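Heads up, the thing below is written out as structure tokens.
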Number of protein chains: 2
Amino acid sequence: MARTQGSHSDITGPRVRDAALRLFARHGYASVSMRQIANDVGVQAGALYNYTPDKQTLLFDLMHMHMTSLLSAWRAQAPDKKIPAIKRLESFARFHIRINTQRADAVFLAYMELRNLTSENFEHIGRLRREYENELEDIMHQGNEAGVFAVDEPRISAMAVIAMLNGVNVWFRESGRLSLDAVEEHHLKLVQRVVALKP
Amino acid sequence: MARTQGSHSDITGPRVRDAALRLFARHGYASVSMRQIANDVGVQAGALYNYTPDKQTLLFDLMHMHMTSLLSAWRAQAPDKKIPAIKRLESFARFHIRINTQRADAVFLAYMELRNLTSENFEHIGRLRREYENELEDIMHQGNEAGVFAVDEPRISAMAVIAMLNGVNVWFRESGRLSLDAVEEHHLKLVQRVVALKP
DNA sequence: GTCTATAAGTTGATAGAC
DNA sequence: GTCTATCAACTTATAGAC
């Protein structure tokens, strides 16, 4: 979509972020040049700097937006802490699988490109990630205390569950043998087995 | 370790691969220049081309060496297919956790840098990865047939288990609260829960 | 807000001396 | 086998015209 000279302020900002997200996820941050992003958006490279001070900030903003929207989406729909751990666990597992497939590029970026963040930005994203992990760890503790789970190491088991669920993104395709619904049901069962849910 | 002019053929080849492995794993393939690798080894950039025709081949060789040595190490110590699935599963889980922590850089590279392989090289590494996954899938099938596992989807469950075990590398440190032995025992238990091992 | 032009530096890879 | 020197292409980011 080539452009001629002039003002086209419409929605270039979001389009820059969309293009960067997709290209970074597909080829890797370091492999994608500002020219490639500009070309994808349909502007010249210089124009990108109206929307980001530099490439590093563009990466950080994408990761930061993903993590904060992940946390707020979960908190908006998370069941009250007073309801049984088994229901909260199910809710978390279903939410995580859905988000992972709906926002595959952002999820991929947020844990593949940590190496390319400055140390300050790395710490910031790391804190948000830990906040999210804490949500699941809290559910593990509650289930243990209620005597419905048998989790030896709540923190480590929470990370094991998240790693297992993130693995879906490696192979899942809409066009594959299993529907997303089927994958969700299957992995929910695996998660329940990991916490040794008393049936 | 600066060098002066002359022949130092000793062990430069392995040192180039060691440096490349470490730097690629730490900073990402695309972020590391041939000059950085050369500097780490203690030679000038031009000298690297005595050991690899180009940067892409260097990456591919590192990944290929890891995958083939992974497969042959497993096959060398894998229990006979006639022994019970429960023992084979335990053997696989322990082997995988050990390898993952012993060769953390290679493991990291082999699944983080797939994007930076040419399509031909990508296919090649993908086949080796599938061979490895097949080893675990085979164990799942055997356990199901023997009636000791209750795995609904052997292929997908195999990948879920591998994803869960790979997750250890994200947080495990030798200096951390848990020893590698403790982590191995803990995750073995999680794996056994995932296959719903009858106790 | 976007363009063109450009600065200043880095990149992968090669050629030829030693 | 390693060095130095070099090339052509590419990089991020900026300046100033429109």
Side-chain angles (χ1 to χ4, degrees), chain A residues 1-21 23-24 26-63 109 113 115-118 120-121, chain B residues 1-24 26-63 109 113 115-121:
Chain A
M1 182 174 168
R3 296 215 175 180
T4 53
Q5 200 156 14
S7 175
H8 297 271
S9 68
D10 45 10
I11 46 162
T12 305
R15 294 184 66 225
V16 168
R17 283 189 290 277
D18 286 352
L21 176 60
L23 291 170
F24 287 165
R26 183 120 50 200
H27 306 292
Y29 169 77
S31 299
V32 175
S33 69
M34 294 299 269
R35 276 173 184 75
Q36 283 176 275
I37 298 169
N39 187 63
D40 201 85
V41 173
V43 296
Q44 293 301 310
L48 297 181
Y49 292 89
N50 288 312
Y51 303 98
T52 183
D54 50 45
K55 193 184 173 190
Q56 166 71 205
T57 305
L58 181 55
L59 173 65
F60 173 73
D61 285 346
L62 289 171
M63 295 171 77
L109 205 69
E113 295 296 355
R115 296 176 299 184
N116 284 308
L117 291 174
T118 62
E120 193 180 357
N121 287 343
Chain B
M1 180 173 168
R3 296 214 176 180
T4 52
Q5 200 154 13
S7 176
H8 297 269
S9 69
D10 46 10
I11 46 163
T12 305
R15 296 184 65 226
V16 167
R17 284 189 289 278
D18 286 352
L21 176 60
R22 199 164 38 77
L23 290 170
F24 287 166
R26 183 121 51 199
H27 306 291
Y29 170 76
S31 299
V32 175
S33 69
M34 295 298 270
R35 280 169 181 79
Q36 285 176 272
I37 297 169
N39 187 63
D40 201 83
V41 173
V43 296
Q44 293 300 312
L48 297 181
Y49 292 89
N50 289 311
Y51 303 98
T52 184
D54 49 47
K55 193 184 174 189
Q56 166 72 204
T57 305
L58 181 54
L59 174 65
F60 173 74
D61 286 346
L62 289 171
M63 294 171 77
L109 206 68
E113 295 296 356
R115 294 175 301 183
N116 284 307
L117 291 174
T118 62
S119 60
E120 193 180 356
N121 287 342

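Since the model is a prediction, treat every value here as computed from it, not as a measurement. By convention in this document, chain letters (A, B, ...) are assigned in the order of the sequence lines, proteins followed by strands, and residues within each chain are numbered from 1. Below, each value reflects all heavy atoms present in this structure, side chains not excepted, and no hydrogens, waters or symmetry copies.
Contacts classified as salt bridge (Lys or Arg N to Asp or Glu O under 4.0 Å) and involving residues 28-38 of chain B (residues at least two apart or in different chains) are not found.
At whole-Å resolution of the value, CG in B:L59 and P in C:dA13 are 12 Å apart. Between the P atom of D:dT11 and the CG atom of A:L48 lies a distance of 13 Å, rounded to the nearest Å. When the P atom of C:dT11 is taken as reference, atom CG of B:N39 falls 11 Å away, rounded to whole Å. Atom CZ of A:R15 and atom P of C:dG1 are 15 Å apart (whole Å).
Side chains of A:N116 and B:S31: a donor on one and an acceptor on the other come within 3.5 Å.
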When you compare the protein's N or O atoms with those of nucleotides 13-16 of chain D, which come within less than 3.5 Å of each other, and at what distance?
unit_1: D:dA13; atom_1: OP2; unit_2: A:Y49; atom_2: OH; d: 3.1
unit_1: D:dA13; atom_1: OP2; unit_2: A:K55; atom_2: N; d: 2.9

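Considering only side-chain N and O atoms, A:T12 lies under 4.0 angstrom from the phosphate OP1 or OP2 of C:dT2.
Evaluation of the side chain to side chain donor-acceptor pair (under 3.5 Å) rule for A:D54 yields A:T57 as partners, not counting sequence neighbours. With sequence neighbours excluded, the residues that form a side chain to side chain donor-acceptor pair (under 3.5 Å) with A:Q56 are A:N121. Under the rule for a side chain to side chain contact (heavy atoms under 4.5 Å, CB included), the partners of B:R26 that lie at least two apart in sequence or sit in another chain are B:R22.
Salt-bridge formation is not detected for the pair A:K55/A:E113: no Lys NZ or Arg NE/NH1/NH2 atom is positioned less than 4.0 Å from an Asp or Glu carboxylate oxygen.
Closest to the side chain of A:S33, out of D:dT11, C:dT4, D:dT2, is D:dT11. Looking at the side chain of B:N50, the nearest of the listed nucleotides D:dT2, D:dT4, D:dT11 is D:dT2.
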